[in-house]
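Shown next, in structure tokens, is the structure this report addresses.
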Amino acid sequence: MGIVVLTMKASVIEMFLVLLVTGIHSNKEMTKKTKRPKFTVPQINCDVKAGKIINPEFVVKCPAGCQDPKYHVYGTDVYASYSSVCAAAVHSGVLDNSGGRILVQKVAGQSGYKGSHSNGVQSLPLSRWRESFIVSEGKLQKGVTYPSALTYSSAKSPAAKAGETTKAYQKPSVPGTTAQPVTLLQVLGTTPAEATHTTWPKPSPSAGPTTSSPRPEPVGQRSRELGETDLWKPGLVLLDAGFVPKEELSTQSLDLVSQGDPNCKVDLSFLIDGSTSIGKRRFRIQKQFLADIAQALDIGPAGPLMGVVQYGDNPATQFNLKTHMNSQDLKTALEKITQRGGLSNVGRAISFVTKNFFSKANGNRGGAPNVAVVIVDGWPTDKVEEASRLARESGINIFFITVEGAVENEKQYVMEPNFANKAVCRTNSFYSLSVQSWFSLRKSVQPLVKRVCDTDRLACSKTCFNSADVGFVIDGSSSVGTGNFRTVLQFVANISKEFEISDTDTRIGAVQYTYEQRLEFGFEAYSTKSDILNAIKRVGYWSGGTSTGAAINYALEQLFKKSKPNKRKLMILITDGRSYDDIHIPAMAAHHKGVITYAIGIAWAAQDELEVIATHPAKDHAFFVDEFDNLYKLVPKVIENICTEFNSRPRN
């Protein structure tokens, strides 16, 4: 009996030990399963721009070779999100050209970015950008979770190919009918012949009236409710609006939609008057005028795009450039705009458009001219001249339509008489329309459409010829001589002739130097091409030594310090010899201040100094000719490089 008890105790102990070991093993397995997985650092290429990555903070690994000039960087310390992430890291000193891991943090957009040359990378200046980022060493911070896979922004997918379908929607059951699936076709990619092969269910009368608003029809035609019998025509893809979520169905689904007039590819902002004084009736006339404009323009992604800003006390965007991609949708949106009321603060509205409207986020295409059409009832209640000047300098073509100007007893309240003459771009006969009454406004539709589509005459669109402050720094040393100095001045005149010159377009200034420096004329001295050319002719030869470094510093202080913030700053330095003083520090100062420097060397000029003075890469900014008489050959090359550089830069 005792032996049996011992055997049972041994069995119990053995089972306990097995359970204990099994439990420990299970706990170990659970510990392994709950252990935090190791962080995997995403890898990116040198050409990846920060703006393409949606994540606000992330760690990435950069490859070697990102120091290459083809990977553009904009800014210093804080970089525009249009920059290469890895090239910016090299520029900042966080990485060398062998690559490595970095931490990237998105920050707010800046009103300006300074260019500089650092760690073998030349960063470029930029007037403003919508988003920025900073880079630091790729150390993981405690308590912060970093993405192992980055989220990239993707371009809108193109229209579906012919015959391709999208998500199928199930028609709700209606008493007395059988629910059938309805497939929404991409109409733009489907030919009428293809559409006829699909049998569409006709709405049942028992389904009741549709809840969607009637589609606007041309004047003189009866408005038809969606679902009327005579709308069911072969070749058209039709849907009952009650069967598809409202946000999924636009009028674009109803008939073949134009891609827009490619001969009128402009980005348009209409500033409409919503002030109290205009009244409800005239406000409706104004909206109808815009609807007629939209119809005449043929809105579409390959042609003109149009957005609307309403102003009163304060301006507000009703819809931007990318909200509506065809004339019909845009006309429907115009009908829904309600009047804001308040004063007629036109100047404030123009400033709002300059700062906010023409951005990439709002649909600005960059390559299309920017046009703002301002409609004013009577007169503005604030000043418009300064706001319009800043708009023009930002490349916006301002048109004014003034309706029913101030009567005699109201003129005392007008803050800026002839405000339209001061505000528009270039010639008033082209950029302003005066309308005697609101009832005759419709007569201005075709003249306005013709003008905004005449892209060759939109003089305020930013180009390489009308967007800069160009400062010439001219060597007047003894080695040049009187005759050769006149040849240099002819070279300066030939370069200047290529630009569109005015107080709001390109401006020209000039400094002559020997041991000393002299301001021949500043950026604000002359505002016409003929005046500039005459001023160049009058420059007298000085004669003396060659202190090029001091001349660069002088030009930065006396010329470029007075340059406008939204202007490109171009320095064109012309010398025939080696400098008597140091040029490294002044050249670096110019690069840090965002001055794009072109160095023109003649005869005895030192090639190594030209490359230091010139903006990186030197091959695009440093030129040399063996004698003065060959200077004229450089004019087309210098202009070509100036334009190539301008066109390669991002614009909001």
Side-chain angles (χ1 to χ4, degrees), residues 72 74 80 82 109-113 115 124-130 264-269 271 304-305 307 320-321 350-374 386-399 423-427 430-431 451-471 495-508 523 527 529 560 563-570 594-596 638-652:
H72 293 165
Y74 300 89
Y82 197 77
Q110 305 290 306
S111 58
Y113 298 85
L124 302 171
L126 191 61
S127 58
R128 66 179 187 272
W129 198 249
R130 59 185 176 274
C264 182
K265 191 174 181 180
V266 293
D267 288 343
L268 280 164
S269 171
L271 283 69
L305 294 180
N320 62 34
L321 293 167
I350 294 172
S351 296
F352 173 84
V353 167
T354 303
K355 294 175 183 176
N356 303 295
F357 188 86
F358 291 106
S359 67
K360 189 174 181 181
N362 286 337
N364 185 22
R365 291 171 286 185
N370 294 161
V371 176
V373 181
V374 187
E386 179 65 12
S388 296
R389 182 182 66 80
L390 292 173
R392 297 196 308 269
E393 289 177 356
S394 296
I396 301 172
N397 297 273
I398 300 284
F399 283 80
V424 296
C425 183
R426 297 288 178 88
T427 54
F430 184 75
Y431 285 97
R451 295 182 195 192
V452 299
C453 291
D454 189 354
T455 53
D456 290 337
R457 294 185 65 184
L458 296 180
C460 275
S461 298
K462 280 299 176 196
T463 69
C464 55
F465 299 117
N466 67 354
S467 59
D469 281 342
V470 181
I495 292 284
S496 301
K497 284 177 186 176
E498 298 293 327
F499 291 96
E500 296 172 11
I501 296 170
S502 77
D503 57 345
T504 58
D505 294 309
T506 288
R507 304 186 303 169
I508 306 290
F523 292 134
S527 58
K529 189 174 293 188
F560 293 103
S563 184
K564 295 180 180 179
N566 53 355
K567 292 282 189 181
R568 286 188 308 147
K569 296 183 278 290
L570 305 180
V595 178
I596 302 167
V638 171
I639 294 297
E640 179 188 350
N641 285 20
I642 287 172
C643 286
T644 299
E645 186 169 49
F646 173 84
N647 292 329
S648 69
R649 301 207 169 190
R651 290 185 287 282
N652 274 330

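Just so you know, these numbers come straight off a predicted model, no measurement behind them.
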Quiz item: Do Asn362 side-chain atoms and Ser359 backbone N/O form a donor-acceptor pair below 3.5 Å?
Solution: no

Quiz prompt | Spacing of Cys464 atom SG and Ile639 atom CD1 [to the nearest 0.5 Å] | solution = 7.5 Å

Self-check item: Minimal non-hydrogen separation, Arg392 against Thr504, with atom names
Solution: NH2-CG2, 3.4 Å

Practice problem: Return the minimal non-hydrogen interatomic distance between Leu268 and Leu321, and the atom names on each side. | Solution: O-CD2, 3.3 Å

Quiz item: What is the distance from atom CZ of Arg451 to atom CZ of Phe399, rounded to the nearest 0.5 Å?
Solution: 7.5 Å

Quiz item: Yes or no on side chain to side chain contact (heavy atoms under 4.5 Å, CB included) for Asn641 and Glu645, after CA distance, side-chain angles and deciding distance?
Solution: CA-CA 6 Å; Asn641 285 20; Glu645 186 169 49; over 6 Å; no

Quiz prompt | Residues forming a side chain to side chain contact (heavy atoms under 4.5 Å, CB included) with Lys497, sequence neighbours excluded | solution = Gln490, Asn494, Leu533

Quiz item: So, for Ser467 and Lys462, which heavy atoms are closest and what is the spacing to 0.1 Å?
Solution: CB-CD, 3.5 Å

Quiz item: Looking at Leu570 and Phe560, what are the two nearest heavy atoms and their distance?
Solution: O-CZ, 3.3 Å

Quiz item: Would you say Arg568 and Ile642 make side-chain contact, with heavy atoms under 4.5 Å?
Solution: yes

Quiz item: Taking NZ, NE, NH1 and NH2 as the nitrogens, is one of them in Lys564 or Asp469 under 4.0 Å from a carboxylate oxygen of the other?
Solution: no

Quiz prompt | Distance (rounded to the nearest 0.5 Å) between His72 NE2 and Leu124 CG | solution = 6.5 Å

Practice problem: Supply the atom-to-atom distance Arg365 CZ to Asn370 CG, rounded to the nearest 0.5 angstrom. | Solution: 9.5 Å

Exercise. Measure the shortest side-chain to side-chain distance between Phe465 and Asp505 over non-hydrogen atoms and say whether it is less than 4.5 angstrom.
Key: no

Practice problem: Find the distance between CG (Leu305) and CG (Asn320) and round it off to the nearest 0.5 Å. | Solution: 10.0 Å

Practice problem: Could you check Leu271 against Phe357 for side chain to side chain contact (heavy atoms under 4.5 Å, CB included), going step by step and ending with a plain yes or no? | Solution: CA-CA 11 Å; Leu271 283 69; Phe357 188 86; over 6 Å; no

Quiz item: Where do Ser563 and Arg507 come nearest, in terms of heavy atoms and distance?
Solution: CA-NH2, 3.9 Å

Practice problem: Of all the heavy-atom pairs spanning Asp267 and Gly363, show the shortest one and how long it is. | Solution: OD2-O, 4.3 Å

Quiz item: Ring centres of Trp129 and Tyr82 under 6.0 Å apart?
Solution: yes

Quiz prompt | Student check: side-chain heavy atoms of Pro304 and Val266 closer than 4.5 Å | solution = yes

Practice problem: Report the distance from atom CZ of Phe523 to atom CD1 of Ile508, rounding to the nearest 0.5 Å. | Solution: 8.0 Å

Quiz prompt | Residue pair Ile398 / Ile396, side-chain heavy-atom distance below 4.5 Å | solution = yes

Self-check item: 4.5 Å side-chain heavy-atom contact, Asn397 and Tyr431
Solution: yes

